[in-house]
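Just so it is clear, the model here is predicted, and its values are computed rather than measured. Each chain gets a letter, A, B and so on, in the order its sequence line appears, and its residues count up from 1.
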There are 2 protein chains.
Amino acid sequence: MTRDSRGPFAATCPTRHLLDQIADKWSMLALIAIDSAPRRFNALKREIEGISQKVLTQTLRRLERNGLISRSVAPTVPVSVTYAITPLGHSLAVMMETMRTWSIANIDSILAAQSCYDHSRSEAQSLK
Amino acid sequence: MTRDSRGPFAATCPTRHLLDQIADKWSMLALIAIDSAPRRFNALKREIEGISQKVLTQTLRRLERNGLISRSVAPTVPVSVTYAITPLGHSLAVMMETMRTWSIANIDSILAAQSCYDHSRSEAQSLK
DNA sequence: CGGTATCCCGGGTGATACTG
DNA sequence: CAGTATCACCCGGGATACCG
């Protein structure tokens with residue numbers, strides 16, 4: 001199952017590695033947020049609506065592990081921890097921004113397609 | 001919780017809508033695959049290594065619902081179902097391709113960062 | 001071939017409490 | 001402030017069987 005390497009969709013493909021790590025909405029949102037300016041933990045938690053502190057911690061750890069953000073601790077009392085973007089992370093964030101622009105430009109088309117799809121499905125339902 | 005609209009990370013932001021729908025690796029992989037050429041169900045299942053038919057079905061339904069791919073049924077016996085990219089889906093797939101290129105170019109940096117991170121963590125472990 | 005339907009399990013997630 | 005620890009839950013996803 002993991003012994004193949006015959007195509008771009010094989011489990012060993014770099015694309016798969018990357019997607020396994022960062023292809024979830026919280027990672028992308030956190031990356032975009034930190035890219036715009038360095039942030040502290042609770043600032044991020046407040047800004048990224050709906051994320052729990054546990055998931056935020058996990059997300060930040062994963063981004064840090066992949067070298068996309070940096071974590072720096074200032075020895076104050078109480079300690080203040082700041083997350084900042086790395087060059088590698090910034091180059092990725094640039095693409096995320098492109099996606100943001102795309103989503104804003106095309107959200108109407110997507111919503112229209114959704115309501116169209118849902119409408120035809122509800123018709124099918126009423127026939128059952 | 002859903003009544004806010006005060007920033008780019010609010011739950012109502014178009015970016016959030018998009019990410020909620022397509023920010024998972026299976027959606028992205030399926031979109032890339034179908035973008036390169038129209039495919040049939042089992043062809044996709046064979047090509048996208050590791051996906052189950054249940055998840056593939058769910059993924060294709062979601063992409064179809066969002067107007068990113070089209071599903072056409074040929075009334076043969078047995079039926080043959082073909083999935084193709086839409087103009088909207090293609091414009092998104094172009095960005096996915098950009099990410100693919102990026103991941104290939106930067107996979108080494110990420111793997112290096114990972115092993116560096118893991119190494120420093122294992123040191124911390126041994127001190128406990 | 002291209003799916004649904006059903007069962008079932010593991011771990012991802014949220015809530016809560018505690019710490020340096 | 002910035003986390004870790006613990007627990008309980010629930011549902012995403014695999015396995016299997018069946019349908020048009």
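- Across L88(B), L63(B), T59(B), D35(B), a single residue satisfies side chain to side chain contact (heavy atoms under 4.5 Å, CB included) together with I69(B), and that is L63(B).
- Clustering ILVMFWY residues whenever any of their side-chain heavy atoms sit less than 4.5 angstrom apart, transitively, puts I22(A) in the very cluster that holds M95(A).
- Put simply, I34(B) and V94(B) are part of two different groups of oily side chains (I, L, V, M, F, W, Y) that touch within less than 4.5 Å, one to the next.
- The stretch residues 33-42 of chain B touches DNA chain C through R40(B), F41(B), N42(B), each having a heavy atom under 4.0 angstrom from the strand.
- Partners of D24(A) according to the salt bridge (charged side-chain N to carboxylate O under 4.0 Å, His left out) rule, which considers only residues two or more places apart in sequence or in another chain, are R62(A).
- Side chain of T101(B) to backbone of E97(B): a donor-acceptor contact under 3.5 angstrom is found.
- Using a 4.0 Å cutoff on non-hydrogen atoms, the parts of residues 61-76 of chain B near DNA chain C are R61(B), R71(B), ordered by number.
- The side chain of Y83(A) contributes no N or O atom lying less than 4.0 Å from OP1 or OP2 of dC1(D).
- Each end of the helix from dC1(C)-dG20(D) to dG20(C)-dC1(D) gets its own rotation axis from five pairs of C1' atoms, and the angle between them is 50° to the nearest 10 degrees.
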Contact letters for nucleotides 12-20 of chain C, in which S counts primed atoms plus P, OP1 and OP2 and B counts the base, heavy atoms under 4.0 Å: -BB-BB---

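- Across I48(B) and A30(B), no two heavy atoms sit closer than the pair CD1-CA, 3.7 Å.
- For T86(B) (side chain) and L68(B) (main-chain N/O), a donor-acceptor pair under 3.5 Å exists by modelled atom type.
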Just distance, no hydrogens or angles: give the donor-acceptor pairs under 3.5 Å from side chains in residues 51-58 of chain B, sequence neighbours left out.
residue : atom : partner : partner atom : Å
S52(B)  : OG   : V55(B)  : N            : 3.3
T57(B)  : OG1  : Q53(B)  : O            : 2.8

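- Going from atom NZ of K45(B) over to atom C1' of dG3(C) covers 12 Å, rounded to whole Å.
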Chi angles and distances behind the side chain to side chain donor-acceptor pair (under 3.5 Å) call for T15(B), R100(A): CA-CA 6 Å; T15(B) 306; R100(A) 241 173 68 73; 3.3 Å; yes

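- Using a 4.5 Å heavy-atom cutoff, the side chains of R71(A) and Y83(A) are in contact.
- Between the side chain of S103(B) and the main chain of L18(A), no donor-acceptor pair closer than 3.5 Å is present.
- Taking atom CG on D24(B) and atom P on dC11(D), their separation rounds to 18 Å, with Å as the unit.
- Side-chain atoms of R16(B) come within 3.5 Å of backbone N or O of E49(A) as a donor-acceptor pair.
- Residues L60(B) and E64(B) have side chains not in contact (no heavy-atom distance under 4.5 Å, counting atoms from C-beta outward).
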